[in-house]
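Presented below is the structure to which this report refers.
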Protein chains: 2
Amino acid sequence: MLRRMKHNEDAVAPNRPRRVTATDVAKAAGVSRSAVSRAFTQGAYLDQEKKERILACAQELGYHPNAFAAGLQTTQSNIVAVITGEMRSQYDHELVDHLLKGLLAIGKWPMVLSGRELASAPNLQGIFGFPVDAMIVRGGSVDPFVTNACAKLQIPLIISGCIVKAPLVDSVSCRNFDGMFALAKLLAASGRRRIGFIDGVPNRASKAERPAGAKAGLAEHGLSFVATITSDYSYHGGLQAAQTLLAEHDLDAIMCANDETAIGAITAVQDVLGKRVPEDVAITGFDNLKMAAWPNFNLTTVQNPIRDTVAQILRLLQERLANPAKPGETVLTDAPVVARGTH
Amino acid sequence: MLRRMKHNEDAVAPNRPRRVTATDVAKAAGVSRSAVSRAFTQGAYLDQEKKERILACAQELGYHPNAFAAGLQTTQSNIVAVITGEMRSQYDHELVDHLLKGLLAIGKWPMVLSGRELASAPNLQGIFGFPVDAMIVRGGSVDPFVTNACAKLQIPLIISGCIVKAPLVDSVSCRNFDGMFALAKLLAASGRRRIGFIDGVPNRASKAERPAGAKAGLAEHGLSFVATITSDYSYHGGLQAAQTLLAEHDLDAIMCANDETAIGAITAVQDVLGKRVPEDVAITGFDNLKMAAWPNFNLTTVQNPIRDTVAQILRLLQERLANPAKPGETVLTDAPVVARGTH
DNA sequence: ACCTTGTATGCACACGTGTTCACATAAGGA
DNA sequence: TCCTTATGTGAACACGTGTGCATACAAGGT
């Protein structure tokens, strides 16, 4: 399908124009191709004046060293695959946004794979064709297929949002348990006694740790949840779940698995049921979205620290690239309570 | 710096393990390397039983054809660069999310460049090292450097969010003018007479079209803006701007350049100034974020159609790849008024 | 018997680059 | 003068793949 042709003969109507190549620049500058390569290589022996002439010609012709060809020589491709999962929550967007900017800032090119069904085997196959320097995976979407493939191909794997203990795998997560623990104690200490919990869908990291932390916190005060309901981490889920919960139980507080659920719950309590927050019912979230600080909601929550998390991911990435054989590391970031007006 | 060594000799402690190569698979399956290549090529002559044996060996060894080496032969790399700009607004997140999923769905690998300063020349240089199939740029960040480079290197360029008339450049934008025009008429028709406008920061596409559309709509009813103020498209910007506006003028409606600003303005009117929306002051937005439909806000706005926009971007991409020489196309998507409860 | 057609397979080339190697030149010290 | 060191330079190799080319074999038609 590919027309075979020499460089110097013109194609009649090529489908994609041929890239400007180092040989072209060499010809234009009257030097060898090696010299052109050296002009773009830091610290290579090359006459200063000749180097400037080459770079000028390159600029003129629009030459950029082909990263594919270079990648065949070098051991680093500078491409990092980022598997984001479903991107359902606002928190995911904020985190991924920071992560992508951070990767660019350290000279890595992020290739982003998002969507639920795309995290499954057949769709992910293709990414392993690229010699990526590493893969970064958001917690929700840790498919065993990915773990196995990375282990087999020796691709550094960094997981964010849940803890995975595997030989060479690094992971970063916030202290979900501790955050919820402290938040529950805050509620209990301020006199709440009939407390409910709106959980998220299964298969997420927080599924286990967050409710467990809350339960443990309540237990310290001799309390336990009056009722628990499972929702889907969404605003509408929270809106619905809070109504269901309050229709069946007389609660003076509802803890939610994340901020979006909590904001839905606030709306249900205030606008639908006509009760007051926090006077009648306290509401708490988890994540500390930007929205949580808006005066509309002024949500008492736990901070899921984006900046720290991203910084740790980048640190782990760079350290592992420097030393691929170092043992897998697990980083837990602090998740402090942010006490605002809904408790 | 790179150790020179034959394939079959073992390295002492290689920095990155050598990838499994087609030659390895060939050796394991007892066939020629060409056969391995053909096993992964659709429609190549190859004995069925031999093909299955090769694929089994490949699976066993964890072989994936190296996309870099393949990309040197083929005319398509299947990589698409996506330049997102600052990602300041919620709308940007939603759009980019859909776009990335859409690209994956048609077999393209998105490389994402985000951040304001990264859209400048030096940081963008590197991306031109990759033989990307195309570049997709969000309106806010159309740097002339990018336009020039793409033109010179003959890289297909698709711009979303503003209209750029250039020879081979495609662009998609919604009918900002028409949407605001209709919205302004709606306000005027429902009796509003003292109307203000909160604009966004300059250098964005909507800067020009949205206020112009609104003005034209008011003019049809013999009205014009009582006051205009420039903000930054953000929630806090809207919160502040609405207070300033209402402190200096007696308005019965405020039109905002986007939804986030409008939500800030609603909060200012209701929670800070203690007035009612829409009884005392009507508020309108633009974009129709998911949040705009929440009962908390129930915002009257204009739909900036994400699904259509992404579909058009993908269509333009595929058509241009099929026919690189076709004239640049400009697509305008419909931006219908979404009348809810704040007008 | 011969030609045509379809299938199968290995060799060798080309893609565009980084880097080693051998070699050339120049400067400086003994 | 000779040796050492630093600096430049081009030829050649290697990275891993897709595919054109030549060849081979089998089947079928005349």
Side-chain angles (χ1 to χ4, degrees), chain A residues 1-9 11 14 16-27 29-51 53-54 58 61 63-78 128-131, chain B residues 1-9 11 14 16-27 29-51 53-54 58 61 63-78 128-131:
Chain A
M1 207 59 82
L2 177 63
R3 216 183 334 236
R4 178 73 57 102
M5 64 182 73
K6 290 288 188 184
H7 262 172
N8 42 10
E9 52 176 291
R16 236 269 281 292
R18 193 176 59 79
R19 276 176 71 98
V20 177
T21 183
T23 308
D24 299 333
V25 177
K27 211 166 292 176
V31 298
S32 76
R33 193 190 60 73
S34 301
V36 177
S37 182
R38 279 189 257 264
F40 284 88
T41 305
Q42 196 69 6
Y45 286 136
L46 187 59
D47 185 58
Q48 185 59 28
E49 184 226 6
K50 184 183 282 191
K51 176 173 185 174
R53 190 170 75 239
I54 292 174
L61 296 176
Y63 169 73
H64 300 264
N66 188 323
F68 277 14
L72 282 180
Q73 312 295 334
T74 320
T75 176
Q76 295 230 345
S77 69
N78 287 330
F128 292 110
F130 292 94
Chain B
M1 206 57 80
L2 178 64
R3 217 184 332 242
R4 178 73 58 102
M5 64 182 71
K6 291 286 190 183
H7 261 170
N8 40 12
E9 51 178 287
R16 234 272 281 290
R18 193 175 59 77
R19 277 175 73 99
V20 177
T21 182
T23 309
D24 299 333
V25 178
K27 212 166 290 176
V31 298
S32 76
R33 192 190 60 75
S34 301
V36 177
S37 182
R38 280 188 253 266
F40 285 87
T41 305
Q42 195 71 5
Y45 287 136
L46 186 60
D47 185 57
Q48 184 61 28
E49 183 224 5
K50 183 184 283 191
K51 176 173 185 174
R53 192 170 73 239
I54 291 174
L61 296 176
Y63 168 74
H64 299 265
N66 188 323
F68 277 14
L72 282 181
Q73 311 294 332
T74 320
T75 176
Q76 295 229 344
S77 68
N78 286 330
F128 292 110
F130 293 94

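Naming: A, B, ... by sequence-line order, numbering from 1 per chain. All values below come from the heavy atoms of this structure, side chains included, with hydrogens, waters and symmetry mates left out.
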(message) Under a 3.5 Å distance rule, please check whether A:Arg38 uses its side chain to pair with a backbone N or O of A:Lys51 as donor and acceptor.
(response) no

(message) Just to be sure I understand the rule, does B:Tyr63 reach a base, reach only the sugar-phosphate, or reach nothing, if contact means heavy atoms closer than 4.0 Å?
(response) sugar-phosphate

(request) Measure from CG on B:Asp47 to P on C:dG10 and round the result to the nearest Å. (result) 11 Å

(message) With a 4.0 Å limit, can you tell me whether A:Thr21 has a side-chain N or O closer than that to the phosphate oxygens OP1/OP2 of C:dT17?
(response) yes

(request) Tell me which nucleotide among D:dG10, D:dT17, C:dT17 gets nearest to the side chain of A:Ser34. (result) D:dG10

(message) Quick check: on DNA chain D, is the nucleotide nearest B:Arg38 upstream (toward 5') of the one nearest B:Phe68, or the reverse? Name the residue that is more 5'.
(response) B:Phe68

(request) Say whether, by atom type as modelled, one donor and one acceptor occur between the side chain of B:Ser77 and the main chain of B:Pro131 under 3.5 angstrom. (result) yes

(message) Quick check on C:dG18: is either OP1 or OP2 less than 4.0 Å from any side-chain nitrogen or oxygen of A:Ser37?
(response) yes

(message) Rounded to whole Å, please give me the gap between CZ in A:Arg33 and P in D:dA12.
(response) 12 Å

(request) Report the distance from atom CD of B:Gln42 to atom P of D:dT19, rounded to the nearest whole Å. (result) 12 Å

(request) Decide side-chain contact (heavy atoms from CB on, under 4.5 Å) for A:Asn66 and B:Leu72; before the verdict, give the C-alpha distance in whole Å, the side-chain angles of both, and the deciding distance to 0.1 Å. (result) CA-CA 9 Å; A:Asn66 188 323; B:Leu72 282 181; 4.1 Å; yes

(request) Please confirm whether any donor atom in the side chain of B:Gln73 sits under 3.5 Å from an acceptor in the base of D:dT19, or the reverse. (result) no

(request) Quickly work out the A:Leu72 CG to C:dC15 C1' distance and round it to whole Å. (result) 9 Å

(request) Rounded off to whole Å, could you give me the OH-to-P distance for the A:Tyr45 and D:dA6 pair? (result) 7 Å

(message) Can you give me the closest heavy-atom contact between B:Ala39 and B:Ile54, atom names plus distance?
(response) CB-CG2, 3.7 Å

(message) Go through it in stages, so that I can follow the logic: the residues are A:Arg18 and A:Asp24, the test is side-chain contact (heavy atoms from CB on, under 4.5 Å), and I'd like the CA-CA distance, side-chain angles, deciding distance and then a yes or no.
(response) CA-CA 11 Å; A:Arg18 193 176 59 79; A:Asp24 299 333; 3.4 Å; yes

(request) Find the distance A:Glu49:CD to D:dT7:P and express it as a whole number of Å. (result) 18 Å

(request) Nearest whole angstrom, please: distance from the C1' of C:dT17 to the CD of A:Gln76. (result) 17 Å

(message) Reading DNA chain C from 5' onward, which residue's closest nucleotide shows up sooner: B:Leu46 or B:Ala69?
(response) B:Leu46

(request) Report the distance from atom CZ of B:Phe130 to atom C1' of C:dT17, rounded to the nearest whole Å. (result) 14 Å

(message) Would you say A:Lys51 places a side-chain N or O within less than 4.0 Å of OP1 or OP2 belonging to D:dG8?
(response) no

